[in-house]
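These notes concern the structure reproduced below.
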There are 2 protein chains.
Amino acid sequence: MLKLTKKADYGLMALKYLAEHPETPALSAKDIADAYGIPAQLLAKILQLLTKSGLLRSHAGMNGGYALSRDAREISAYEVIHAIDGPFFITSCTKGAKSCDLTPSCTIKEPLARVNDTIAGVLRSISIYDLAERETPAGRAVAAQALVTLTL
Amino acid sequence: MLKLTKKADYGLMALKYLAEHPETPALSAKDIADAYGIPAQLLAKILQLLTKSGLLRSHAGMNGGYALSRDAREISAYEVIHAIDGPFFITSCTKGAKSCDLTPSCTIKEPLARVNDTIAGVLRSISIYDLAERETPAGRAVAAQALVTLTL
DNA sequence: CAGTATACGACCGTTTCTGTCCGCGTTTCA
DNA sequence: TGAAACGCGGACAGAAACGGTCGTATACTG
């Protein structure tokens, strides 16, 4: 419940890794998988999803692999999660048009939809660059600050 | 992914329903289940969990049922979700002490933990009362405002 | 051509989720 | 006192999601 899938996790890790190696033209799925000790074939599929969503660019053949298609600052965690796990919904019901069938049941869904938007906003405010930042000096102020207002 | 379970949903709906009927001394699981058209036996178990967590008070026997143990304003959505689905974690790894086994893999977990806290904070700022509020005049200002600061 | 890499679909084992069943204890009321 | 209405709690089964693997086709490099 309210948990990222491992796929999304892996995807974020992979993008982070790519963001940390901007010098190399491309990194293969295996390279990244080895770096983190995650299943290579699974990672490959995740990277393919990210490629289809336009977050990565791929190149086959020797010395091929994947590279970020934009600056790490311009890729949000939300985009990554959305690309991998599909549309983002807190509730099981609120899936597009057809809500909870009949029954005026889900009067609760409306406020929860706002919560959903709030969380999505938080995720949107976080970029891969934010995740990739190495050392975080204790005394340092805020690197990224997301002001979110939840209005019920 | 990042989705509430139906149980949590049902739990929130049930508490909302109870909050909307403060006059009645107690409502049975069946009453609430019928009101929303959800499986009665399943709801019963959910309400039992909420009772064990101290959010509800139960009374057996005829005309028994459940009632809020505190004012609806004093029960947060977070408490409900936590009571039903257990500890709240965005990531699969961050479960207490033992993180992602070996490999310095999850350097990504640290920033995500903050996201986790942020979301938890949002959920904590929402009470059952907020959910239960009926009409929300379009022109009305904010009913509840949660200012959340995400610091990466 | 040989080697390396992505692309993509099929498949499977495990876990989690949802929902049901059943027997038990408790309270109320006739 | 006994039946009915209710909460309590374990066991369990079907369904779906998840995590991961395999095999094969395709694309690029040298």
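In what follows, chains are A, B, ... by sequence order, proteins preceding strands, each numbered from 1.
- Regarding A/Leu2, its CG atom lies at a distance of 12 Å from the P atom of C/dC17, rounded to whole Å.
- Relative to the side chain of B/Thr5, the nucleotides C/dT18, D/dG20, C/dT28 differ in distance, and C/dT18 lies closest.
- Each of C/dT6, D/dT21, D/dG7 was ranked by its minimum atom distance to the side chain of B/Ser58; first place goes to D/dG7.
- Scanning atom types as modelled, no donor and acceptor separated by under 3.5 angstrom connect the side chain of A/Lys45 and the base of C/dT6.
- Between the side chain of A/Ser69 and the backbone N or O of A/Leu55 there is at least one donor-acceptor pair closer than 3.5 Å.
- Between the C1' atom of C/dC22 and the CG atom of B/Leu42 lies a distance of 16 Å, rounded to the nearest Å.
- Pairing each heavy atom of A/Leu27 with each of A/Thr24, the nearest pair is CG-OG1, 3.7 Å.
- The listed nucleotides are D/dG9, D/dC28, C/dT18; the one nearest the side chain of B/Lys6 is C/dT18.
- Rounded to whole angstrom, the span from the CE atom of B/Met62 across to the P atom of D/dA5 amounts to 6 Å.
- OP1 or OP2 of C/dG19 lies within a sub-4.0 Å distance of a side-chain N or O belonging to B/Tyr10.
- A/Ala29 comes within contact range of the sugar-phosphate backbone alone, with a heavy-atom separation under 4.0 Å but no base atom that close.
- Using a distance-only test at 3.5 Å, with no hydrogens or angles considered, a donor-acceptor pair links the side chain of A/Asp130 to the main chain of A/Ser127.
- If B/Gln48 and A/Pro39 are placed on DNA chain D by their nearest nucleotide, the residue sitting closer to the 5' end is B/Gln48.
- In this entry the distance linking CD1 of A/Ile32 with P of C/dT6 reads 9 Å, nearest Å.
- Closest to the side chain of A/Gln41, from the set D/dT21, C/dC8, C/dT20, is D/dT21.
- The distance between atom CZ of A/Arg57 and atom P of C/dA7, rounded to the nearest whole Å, is 13 Å.
- A side-chain donor-acceptor contact under 3.5 Å links A/Glu79 to the backbone of A/Ser76.
- Set against C/dT27, C/dT6, D/dG20, the side chain of B/His59 has C/dT27 as its closest nucleotide.
- Here D/dG9 presents its P atom at 13 Å from CG of B/Leu50, a figure rounded to the nearest Å.
- Using a 4.0 Å heavy-atom distance criterion, B/Lys7 is classed as a base contact.
- Put simply, CD1 on A/Ile46 is 9 Å from P on D/dG20, counting in whole angstrom units.
- Going from atom CD1 of B/Ile84 over to atom P of C/dT16 covers 18 Å, rounded to whole Å.
- Minimum interatomic distance between B/Leu68 and B/Ala72 (heavy atoms only, all atoms of both residues): CD1-CB, 4.1 Å.
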